[in-house]
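Just so we're on the same page: letters track the sequence lines, and every chain starts at 1.
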2 protein chains.
Amino acid sequence: MTEIDDTSAREENSSRRRILDCAARLFRHKGYGATSLRDIAAESGMKAGSLYYHFASKDEIVIDILNIGVARVHDTVRSAIDALAKTATYADTIRAAIHAHLRALHEADDYTSANVRIFGQVPETVRDAHLAIRRAYEETWSKLLTAAFEAGELRPTMDPQLVLALLLRSLNASLEWFDPKKGPVERIAATFSELVLRGAVDEAPAVAKRRA
Amino acid sequence: MTEIDDTSAREENSSRRRILDCAARLFRHKGYGATSLRDIAAESGMKAGSLYYHFASKDEIVIDILNIGVARVHDTVRSAIDALAKTATYADTIRAAIHAHLRALHEADDYTSANVRIFGQVPETVRDAHLAIRRAYEETWSKLLTAAFEAGELRPTMDPQLVLALLLRSLNASLEWFDPKKGPVERIAATFSELVLRGAVDEAPAVAKRRA
DNA sequence: GTCTATATTTGGATAGAC
DNA sequence: GTCTATCCAAATATAGAC
């Protein structure tokens with residue numbers, strides 16, 4: 001019933017796909033609560049009642065969109081990691097993953113940005129139905145950061161799970177303040193990476209500088 | 001009409017205050033969409049219609065709560081900064097501000113956590129009415145980070161505004177994954193500070209280490 | 001100040017014609 | 001597959017009694 005991602009659903013079922021596309025765009029820009037089935041139907045060129053031929057409920061539409069969004073980010077990040085040479089350092093890998101995640105979010109994909117936007121707005125039942133897919137993606141990051149930690153590339157004071165939570169949330173939050181029209185994604189990707197890998201401070205912290 | 005913060009409203013008007021307290025608690029735990037005026041009234045020990053003697057609309061209640069939440073965080077952070085010795089470094093100041101922000105969020109204050117939780121859920125009109133207060137708080141951070149940058153304490157490649165957006169969002173996002181019952185706020189405050197100030201990587205980045 | 005009762009609107013969902 | 005028509009529930013908001 002509920003598709004895991006778009007690749008498994010091919011191109012058949014084109015009106016179902018059109019409905020999802022329209023709904024994703026509306027959810028992305030108006031949020032979950034402000035998007036009604038009538039809105040989605042109008043955007044799709046049909047009437048509200050007709051949606052029920054393709055979907056059993058609004059929840060089913062939303063869950064599909066949430067799942068597709070995460071699957072696309074997951075695929076993009078996994079491909080980027082796999083494309084690296086075997087000699088790549090953990091730092092290189094983390095950098096590549098950060099870049100890929102940001103690309104997936106910002107390169108005009110309604111599904112990925114709708115996911116981040118509405119995840120905190122949907123009813124708990126919907127979130128629960130979507131959680132497994134989301135956890136699978138976080139597992140990819142968890143493995144990467146844990147491996148880096150065990151290899152001694154992260155400070156011993158760092159908890160990989162904490163870094164994971166902190167990093168993923170702030171990457172997602174970039175949707176709220178970064179406008180790709182005003183600069184390339186590469187720019188914030190580089191800043192994110194530098195910040196996470198080396199921090200924002202220029203010098204050794206032992207050198208104390210007075211305020212103002 | 002709409003109060004800026006709680007201090008200006010004193011203790012008078014105790015039922016208005018009780019309504020706000022109950023609403024903040026409900027918004028914090030159930031979110032904006034799932035909290036009705038009936039819920040708020042029931043929690044406050046009255047009927048839905050009676051709320052309109054104290055408030056003109058649901059929006060007015062929500063805006064008050066959003067404003068109070070930010071004002072409390074702002075006060076906490078400003079106090080923490082002011083309490084530092086004049087010899088404090090920028091790094092010290094940033095650390096203190098991070099700690100204060102996290103304390104304000106996690107120490108059982110329904111207003112501050114409701115703010116973070118529902119800000120992305122409220123109608124645009126409500127967000128707009130609240131924006132000025134929020135911007136005033138961000139200005140405090142902006143001044144701090146810009147000063148640190150101009151003093152040469154941040155890497156030249158760092159954009160203070162970008163660090164600001166990134167840092168504040170991830171501090172707020174900690175509400176979604178950190179449970180103060182399982183560990184002191186100090187712990188994540190230290191990790192956040194270390195991450196932002198020095199990064200997560202243990203060694204100089206020039207030393208390349210192979211993966212797996 | 002708070003109540004009861006109700007107006008009004010909106011949105012998810014269903015039934016049956018075509 | 002899509003339409004029209006409609007049901008039903010929930011929520012904001014108002015009016016007037018007490």
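- Position along DNA chain C of the nearest nucleotide to B:Lys47 versus A:Asp39 favours B:Lys47 as the more 5'-ward residue.
- If you measure from atom CZ of A:Phe55 to atom P of C:dG12, you get 14 Å, rounded to the nearest angstrom.
- Taking the six-membered ring for Trp and thresholds of 30 and 60 degrees, B:Tyr32 and B:Phe27 have nearly parallel ring planes, at less than 30 degrees apart.
- The distance from atom NZ of B:Lys58 to atom P of D:dT14 is 15 Å, rounded to the nearest whole Å.
- Following rounding to the nearest Å, B:Ile19 (CD1) and C:dG1 (C1') show an atom-to-atom distance of 10 Å.
- Listed nucleotides D:dT2, C:dT14, C:dG11 differ in distance to A:Tyr52; the shortest reach to its side chain belongs to C:dT14.
- Of all nucleotides listed (D:dG1, D:dT12, C:dG1), D:dG1 comes nearest to the side chain of A:His54.
- The side chain of B:Ser50 places an N or O atom within less than 4.0 Å of a non-bridging phosphate oxygen (OP1 or OP2) of C:dC3.
- Distances were taken from every side-chain heavy atom of A:Met46 (C-beta onward) to each of D:dT2, C:dG12, D:dT12; the shortest belongs to D:dT2.
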(request) Given salt bridge (charged side-chain N to carboxylate O under 4.0 Å, His left out), test A:Asp21 with A:Arg18 step by step and report yes or no. (result) CA-CA 5 Å; A:Asp21 286 347; A:Arg18 188 176 74 256; over 6 Å; no
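- The distance between the ring centers of A:Tyr137 and A:His101 falls below 6.0 angstrom.
- One can place OH of B:Tyr53 at 13 Å from P of C:dC3, the figure rounded to the nearest angstrom.
- Ranking D:dT12, D:dG1, C:dG12 by closeness to the A:Leu37 side chain, first place goes to C:dG12.
- Distance check, rounded to the nearest 0.5 Å: CG of A:Leu51 to OG of A:Ser57 gives 11.0 Å.
- For B:Arg187, the CZ atom counts as loosely surrounded, since its 6.0 Å shell holds 12 or fewer non-hydrogen atoms of other residues, nucleotides or ligands.
- Following rounding to the nearest Å, B:Ile40 (CD1) and D:dA13 (P) show an atom-to-atom distance of 11 Å.
- Of all nucleotides listed (C:dA13, D:dT2, D:dA11), C:dA13 comes nearest to the side chain of A:Arg38.
- Comparing C:dA13, C:dC3, D:dA13 against the side chain of A:Ser57 picks out C:dA13 as the nearest.
- In this structure, the CG atom of B:Leu26 is 13 Å from the P atom of D:dA11, given to the nearest Å.
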